[in-house]
Chemist: 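Below you will find the structure I want to go over with you.
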Amino acid sequence: MFQPPDPVRFQEILDDIVDRMRFETERGAAASYIPELADVSLNRCGIAVAPLGGPVLSSGDSAVPFSIQSISKIFSLVLALGHVGAALWQRVGREPSGDPFNSIVQLEFERGKPRNPFINPGAIVVSDIITLKSREAAENHPVLQLCQDLADDHTIYVNENVFQSEVATGDRNRALAYFMLAEGNIECDVRQVTESYFRQCSIEMSCQQLALATRFLAAGGNDKGASRFGVTPERARRINSLMMTCGCYDASGEVAFRVGLPCKSGVGGGIVAIVPGIASLAAWSPGLDEKGNSVLALRAIEELTRRLGWSVF
Ligand code: DON
């Protein structure tokens, strides 16, 4: 069993990692498809760790909210599994895609059944299930509600400007949804489903809030807050497995090789990593590599887990 270092030493390690990131010259490029993401400074960098049973430790811009984007797919998956359980897997697969997260080609070959819930079409089917099952008003989006509940922080919000930009630039996601509608894998109105998906992508959270909201996955499902949403130990293990194999788009294998932990990234520059039985981590820096994963957030998580010997292997 790994033991975290004492809090003072832990803080020194986090500060050292963030300091080193300041001097990195290879910082990637911010997502450019909407101005709200393109305009965030590449100098931003934060990290937070939420150990089981201990207070959050953090460094750098760890309290600054950023666009969680695809990291929201963890939370929407929790809700959809809570609604329909294993029946979800009749509509969405569990294999890594090896293709970009918004690829249309693969979906056509596979007759409208997305490879996994962490690529866009998979997340859109998940949104379809949530849309069908929930009656909440738009300002009380169920994924937002879940993030607030898990982090025990009701200041977490949807950035309406990001949402409007996602809607304005969302033709490719609507195309994926219409294709799946044609194949019988979408039940609700496509506009409603994609807007629900865009809204969850537009949630903003800090590293500290994200680490807290995902700690239930490190707790292996033995978490009171998450069990209210149907997260059993078995379900937590399976979500972690999917994060390990599919959580970082078509770089999931590379991330597993470098970090050896279940991870989920988003094009806002955030990455969440789970150390089962120990802690959840969140790191953020907006510059992305060509696959859409944050260059410095990944490096920071890699560095931290290497120093602490944290890996599931
Ligand atoms: O769906 C989109 O195109 C954006 N909201 C990007 C979300 C993201 O982080 C990458 N998608 N898997």
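Just follow the structure's listing: the first ligand is 1, and inside any ligand the first atom is 1. Note that the numbering runs from 1 along the sequence shown for the chain.
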Chemist: What do we get for Phe198 next to ligand 1 when only non-hydrogen atoms under 4.0 Å count, side chain, backbone, both or neither?
Modeler: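 Under 4.0 Å from ligand 1, Phe198 contributes no heavy atoms.
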Chemist: Applying a heavy-atom cut-off of 4.0 Å, say which part of Ser70 lies close to ligand 1: side chain, backbone, both or neither.
Modeler: both
Chemist: Between Arg20 and Glu24, does the salt bridge (Lys or Arg N to Asp or Glu O under 4.0 Å) criterion hold? Intermediate values first, please.
Modeler: CA-CA 7 Å; Arg20 288 156 63 115; Glu24 291 284 345; over 6 Å; no
Chemist: Drop me the distance from Leu146's CG to Ser76's OG, to the nearest 0.5 angstrom.
Modeler: 9.0 Å
Chemist: For Asn120, state whether at least one heavy atom is located under 4.0 Å from any atom of ligand 1.
Modeler: yes
Chemist: Once you round to the nearest 0.5 Å, how far does CD1 of Ile34 lie from OG of Ser165?
Modeler: 5.0 Å
Chemist: Which of the numbered atoms in ligand 1 are below 4.0 angstrom from a heavy atom of Lys73?
Modeler: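 Contacts of ligand 1 toward Lys73, numbered from 1: 11 (N), 12 (N).
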Chemist: Closer than 4.0 Å to some heavy atom of Cys201 - which atoms of ligand 1 meet that?
Modeler: 5 (N)
Chemist: Quick one: nearest non-hydrogen protein atom to atom 4 (C) of ligand 1, plus distance?
Modeler: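 That would be Tyr33 OH, 3.2 Å.
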Chemist: So, 4.0 Å and heavy atoms of Tyr249: is ligand 1 close enough to count as a contact?
Modeler: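 Tyr249: in contact with ligand 1 (<4.0 Å).
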Chemist: Quick one: which ligand 1 atoms are inside 4.0 Å of a heavy atom on Glu166?
Modeler: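 Contacts of ligand 1 toward Glu166, numbered from 1: 4 (C), 5 (N).
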Chemist: Answer with yes or no whether Arg172 contacts ligand 1, where contact means a heavy atom under 4.0 Å from a ligand atom.
Modeler: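 No heavy atom of Arg172 comes that close to ligand 1.
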Chemist: Starting from atom 5 (N) of ligand 1, which protein heavy atom do you reach first, and at what distance in Å?
Modeler: Gln69 OE1, 2.6 Å
Chemist: Name the closest protein heavy atom to atom 1 (O) of ligand 1, giving the residue it belongs to and the distance to 0.1 Å.
Modeler: Tyr197 OH, 2.6 Å
Chemist: What is the distance from atom CZ of Arg258 to atom CD of Glu303, rounded to the nearest 0.5 Å?
Modeler: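 Here the rounded value is 11.0 Å.
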Chemist: Which value, rounded to the nearest 0.5 Å, describes the distance between His141 atom NE2 and Glu195 atom CD?
Modeler: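 Going from the NE2 atom of His141 to the CD atom of Glu195 covers 10.5 Å.
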Chemist: Counting heavy atoms only, which part of Asn173 comes closer than 4.0 Å to ligand 1: side chain, backbone, both or neither?
Modeler: side chain
Chemist: For Gly266, take its heavy atoms, then give the atoms of ligand 1 lying under 4.0 Å from any of them.
Modeler: 9 (O)
Chemist: Rounded to the nearest 0.5 Å, how far does CD1 of Ile68 lie from OG of Ser265?
Modeler: 12.0 Å
Chemist: Is the charged tip of Arg44 near the ring of Trp284: under 6.0 Å from the six-membered ring centre and within 45° of its axis?
Modeler: no
Chemist: Heavy-atom count check: over 12 atoms from other residues, nucleotides or ligands less than 6.0 Å from Arg307 CZ?
Modeler: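 Counting neighbours around CZ of Arg307, more than 12 heavy atoms of other residues, nucleotides or ligands fall under 6.0 Å, so yes.
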Chemist: Taking atom CZ of Arg115 and atom SG of Cys246, what is their separation to the nearest 0.5 Å?
Modeler: 9.5 Å
